[in-house]
Amino acid sequence: MATSDRHDLHLRLPEGHWQALQSHVARTGESASAVIRKALADYLDLEHHTLWQLSTSTAVVEGVFGGVLQVKDLADHGDFGIGTFEQLDGEGILLDGECWQARADGRLSRAPADEGIPFWIATHFQSERQVSLAEVISLEDLGQRLDPYRPSANLFVAIRITGLFQEVLVRSVSRVEQGGTLLEAARAQATFSHRNLRGCLLGFWSPTHASSLNIPGYHLHFISDDRCHGGHLLDLKASDLTVDIDLQSNLRLALPETREFLMADLSADPRAALNEAETKGGQ
């Protein structure tokens with residue numbers, strides 16, 4: 001039966017498939033429908049290379065932080081991504097379908113399914129190319145080492161990096177009151193330095209021409225393998241890194257219809273504010 005552009009599907013599953021599905025749903029919080037849609041997309045090669053984004057970088061700069069969707073909605077759009085939570089209450093990490101929240105007090109925890117999200121970038125990650133990096137001495141060095149593997153300066157790239165991090169500097173912002181701005185939040189951010197952690201960097205490279213929509217350049221978040229530490233990456237030293245790259249040639253943009261977004265002045269160029277708020281130099 002069709003409902004607008006959606007269709008209902010009724011099917012019988014073997015007991016083993018059903019038990020595995022129920023176990024996955026209980027572990028990740030994804031709905032059974034989302035899991036089946038993703039499995040069909042994998043089998044039929046659909047939805048890959050598609051970047052889904054909620055709101056815009058300009059809106060975040062101007063303080064549009066009210067929750068538009070909830071964490072549970074992310075399962076419909078990807079299993080990999082980064083973002084933030086209502087009123088900037090921490091850094092968001094979506095990895096293998098599990099959503100994590102890194103708060104300004106240093107705690108990392110599973111994000112509640114009903115937690116609001118004002119800004120997010122997600123995709124169904126599928127590595128197209130894998131490369132190894134023996135040693136990286138800084139975030140700037142990492143970017144320079146990754147640049148040759150990007151096929152164009154005009155497309156988005158999803159990036160997943162695993163390995164040993166001798167040093168990793170991350171930050172998280174505190175929840176702000178309505179009316180605050182990204183720069184105000186960033187100037188009061190908490191930073192954390194960790195040593196000798198195995199973990200994962202995940203995020204995106206975005207083209208300069210999309211700066212009003214997304215943060216240009218590399219935007220990466222970190223999560224440790226033991227799921228004790230995480231946040232927005234500011235700097236690093238690392239070795240024996242494995243880099244997986246997924247080219248994103250399609251962009252789906254979901255704009256909020258809240259009064260906060262509709263009434264905001266989004267005409268300013270956000271690049272200077274984003275550079276100050278999102279980089280180590282902006283501490």
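By convention here, the first residue in the shown sequence is residue 1. Everything numeric here is computed off the predicted structure, so don't read it as measured data.
At distances below 3.5 Å, at least one donor-acceptor pair connects side-chain atoms of D73 with backbone N or O atoms of Q70. Under the 3.5 Å distance criterion, the side-chain polar atoms of T84 are matched with a main-chain donor or acceptor of G90. Side-chain atoms of H221 come within 3.5 Å of backbone N or O of G92 as a donor-acceptor pair. Counting only distance, with no hydrogens or angles, the side chain of S57 and the backbone of S211 share a donor-acceptor pair below 3.5 Å. Not a single donor-acceptor pair under 3.5 Å links the side chain of N214 to the backbone N or O of A210. Side-chain atoms of D244 do not come within 3.5 Å of backbone N or O of Q130 as any donor-acceptor pair. A donor-acceptor pair under 3.5 Å links the side-chain atoms of E128 to the main chain of L247, judged by distance alone. Between the S172 side chain and the A102 main chain, a donor and an acceptor come within less than 3.5 Å of each other. A side-chain donor-acceptor contact under 3.5 Å links T123 to the backbone of T50. Remark: the backbone N or O of T181 is paired with a side-chain donor or acceptor of E184 at under 3.5 angstrom.
Atom CD of Q22 is surrounded by more than 12 heavy atoms from other residues, nucleotides or ligands within 6.0 Å.
Checked against D147 for a side chain to side chain donor-acceptor pair (under 3.5 Å), the options R150, R145, Q144 give a single hit: R150. With I161 as the fixed residue, the side-chain contact (heavy atoms from CB on, under 4.5 Å) test singles out one of V136, T242, L236, L146: L146. Across R171, Q101, H232, a single residue satisfies side chain to side chain donor-acceptor pair (under 3.5 Å) together with E91, and that is R171.
In this structure, L88 is a member of the same hydrophobic cluster as L108, with clusters built from ILVMFWY side-chain heavy atoms closer than 4.5 Å. Side-chain heavy atoms closer than 4.5 Å link hydrophobic residues (I, L, V, M, F, W, Y) into clusters, and following such links, even through other members, never connects F65 to V71. A continuous path of ILVMFWY side-chain contacts below 4.5 Å connects L51 to I93, so both sit in one hydrophobic cluster. In this structure, L213 is not a member of the same hydrophobic cluster as W52, with clusters built from ILVMFWY side-chain heavy atoms closer than 4.5 Å. Grouping the Ile, Leu, Val, Met, Phe, Trp and Tyr side chains by contacts below 4.5 angstrom, directly or via other members, places L253 apart from L94.
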Original post:
Could you walk me through whether R103 and D105 pass the salt bridge (Lys or Arg N to Asp or Glu O under 4.0 Å) check?
Top reply: CA-CA 5 Å; R103 287 194 167 93; D105 61 3; over 6 Å; no

Original post:
Stepwise, does the side-chain contact (heavy atoms from CB on, under 4.5 Å) test hold for L164 with Q166?
Top reply: CA-CA 6 Å; L164 175 63; Q166 280 83 26; 3.5 Å; yes

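In summary, R271 and E278 do not engage in a salt bridge, as defined by a charged side-chain N under 4.0 Å from a carboxylate O. At a threshold of 4.0 Å, the pair D240-R198 does not count as salt-bridged, since none of the basic side-chain nitrogens sits closer than that to a carboxylate oxygen. Look at D114 and K72 and you find no salt bridge, because none of the NZ, NE, NH1 or NH2 atoms lies under 4.0 Å from a carboxylate O.
Taking the side chain as every heavy atom from C-beta outward, L155 and P207 never approach each other to under 4.5 Å.
The aromatic rings of F192 and H194 sit parallel to each other, their planes meeting at less than 30°, with 60° as the upper class boundary.
The side chain to side chain contact (heavy atoms under 4.5 Å, CB included) search around F261 returns S55, A59, V64, L255, P256, T258, L266, not counting sequence neighbours.
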